[in-house]
2 protein chains.
Amino acid sequence: MVITRAGERTRDAILLQAAQLATVEGLDGLSIGQLAHASGMSKGGLYAHFGSKEELQLATVETARGIFVTEVVRTGLAAPRGLRRLLAVCDAFLSHIERRVFPGGCFFVVAMAEVGARPGPVRAAVAAQQRQWLDLLERLAGEAQALGELPAELDPAQLAFELEALLVAANSLFLLFDDQAVFERAWSGIKHRLGATAARRRPITKPRPRAG
Amino acid sequence: MVITRAGERTRDAILLQAAQLATVEGLDGLSIGQLAHASGMSKGGLYAHFGSKEELQLATVETARGIFVTEVVRTGLAAPRGLRRLLAVCDAFLSHIERRVFPGGCFFVVAMAEVGARPGPVRAAVAAQQRQWLDLLERLAGEAQALGELPAELDPAQLAFELEALLVAANSLFLLFDDQAVFERAWSGIKHRLGATAARRRPITKPRPRAG
DNA sequence: CCTACCGATCGGTAGG
DNA sequence: CCTACCGATCGGTAGG
């Protein structure tokens, strides 16, 4: 099978739409017909790219992972190694929520809640991403420790759990209450836990308006 | 309209089913036909109790709130006022997850993720419950403070945010990874944050097996 | 990538 | 509380 460059671009555009829509409608609530319409295609056209809804969901998770890596991981890793890098990753996470990179907040928070109780390939894909994310936080905590910027008796895995908890809480309560104050709460908790005094960068891009 | 006792019991049974199912399928994924079948009724029979799907969803949120109050709030409030009561509420929350009172974990975590980006009556109902829950944690933190069991300079609202974050993270990661170790992580974070040394009660009821 | 179609199920209603 | 039905949409397929 020959995959043309145009075909790839179409596929990418569909999956970008899918990742965005899934944070509002859910990975299951997102229907093929709805996605086809949003992409300006026919349903049949979509099935030329994805053989089944589950295949589409898996490709959507993979696309969301790519966006997450670009927006959060790479942005954070640009900071100098150690405590600053750990803080920068947390900052980048909060920033991508505040800027509404996904209209419904963190893609993986929505996905976790949706497939958490439904074993299968989609849950496995979401779990793998979450595992990598927690491992990254743990590794960065360990590096900060190695540089003497965090107490040696801290458990990096425990720290990763607590940072993840604060970040996700900010995401969920921001969406539910539409109140930016939760970012201050999360950041305050993170600083307190890490014994740091760093200030958050302000988002550069303006937050996108909520879809009516 | 006369509401018979039998009618009330039927309604309660339907809503209990709905609350349980919604934690797996979602409030939207839960269909009227599916719920009718699970309740041993016809679809038409369900519409005798609820005029629309949204009405059913609102009644389901209310039922879930009732279960949450019984399982978590009342259980926790039975402990003596102060730090012990705050810890008991957190313990009761973790226990209701561990015992799988809802098959898909905390009802309101699922609901928040689902309706967080979709304004409407259902989101408002979920937000109201969440507001009450955070207020409860804040009030209990304040009481512990008044008794001198927590430092006076702590912000009770900030504390409530952080406790909620740890509890919800335990819920989500427990479901995703099927690993009870997250309860220790959450409890460790809670104790650390509160400067407490309390041990968790072991769940009395055996965890229910996962639905295949 | 399209049109045209399949059976199944969706939320909801009529009439009893 | 039931049966019987409505139009719309679901995931998916055939054939081009």
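Here is how names work: the chains are called A, B, and so on, in the same order as the sequence lines, proteins then strands, and each is numbered from 1.
- The nearest whole Å value for the distance from the CG atom in B:L35 to the P atom in C:dT9 is 16 Å.
- No donor-acceptor distance shorter than 3.5 angstrom exists from the side chain of B:K191 to the backbone of B:L87, with no hydrogens or angles considered.
- In terms of modelled atom types and a separation under 3.5 Å, the side chain of A:R123 and the main chain of A:G116 share a donor-acceptor contact.
- Taking the ring centroids of B:F108 and B:W133, they lie at or beyond the 6.0 Å cut-off.
- Between B:V109 and B:S172 there is a side-chain heavy-atom pair separated by less than 4.5 Å.
- Across all strands shown, A:S42 has heavy atoms under 4.0 Å from base atoms, whether or not it also approaches the sugar-phosphate.
- For B:F174 and B:F183, the ring centers sit closer than 6.0 Å to each other.
- With A:D91 as reference, A:R200 is the one residue of A:H96, A:R84, A:R200 to meet the side chain to side chain donor-acceptor pair (under 3.5 Å) rule.
- B:E8 has its CD atom 12 Å from the P atom of D:dC1, to the nearest Å.
- Across every strand in view, D:dG11 sits in a pair with C:dC6 that passes the Watson-Crick or G-U test at under 3.5 angstrom.
- In this structure, of D:dC1, C:dC1, C:dG11, it is D:dC1 that holds the atom nearest to the side chain of B:A48.
- Atom CD of B:Q34 is separated from atom P of C:dC10 by 7 Å (rounded to the nearest Å).
- Taking atom CD on B:E55 and atom C1' on C:dG11, their separation rounds to 13 Å, with Å as the unit.
- Taking atom NE2 on A:H37 and atom P on D:dT9, their separation rounds to 11 Å, with Å as the unit.
- Protein atom CG of A:D28 is 13 Å distant from nucleotide atom P of C:dC10, rounded to whole Å.
- In this structure, B:L46 atom CG and C:dT9 atom C1' are separated by 15 Å, rounded to whole Å.
- Using cut-offs of 30° and 60° on the angle between ring planes, the pair B:F102 and B:F107 is tilted.
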Listing time: all N or O pairs from protein to nucleotides 12-16 of chain C that are below 3.5 Å?
from   : atom 1 : to    : atom 2 : distance (Å)
C:dG12 : OP2    : B:Y47 : OH     : 3.2
C:dG12 : OP2    : B:K53 : N      : 2.6
C:dG12 : O6     : B:K43 : NZ     : 3.2

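- Between B:S31 and C:dT9, a side-chain N or O to OP1/OP2 separation shorter than 4.0 Å is absent.
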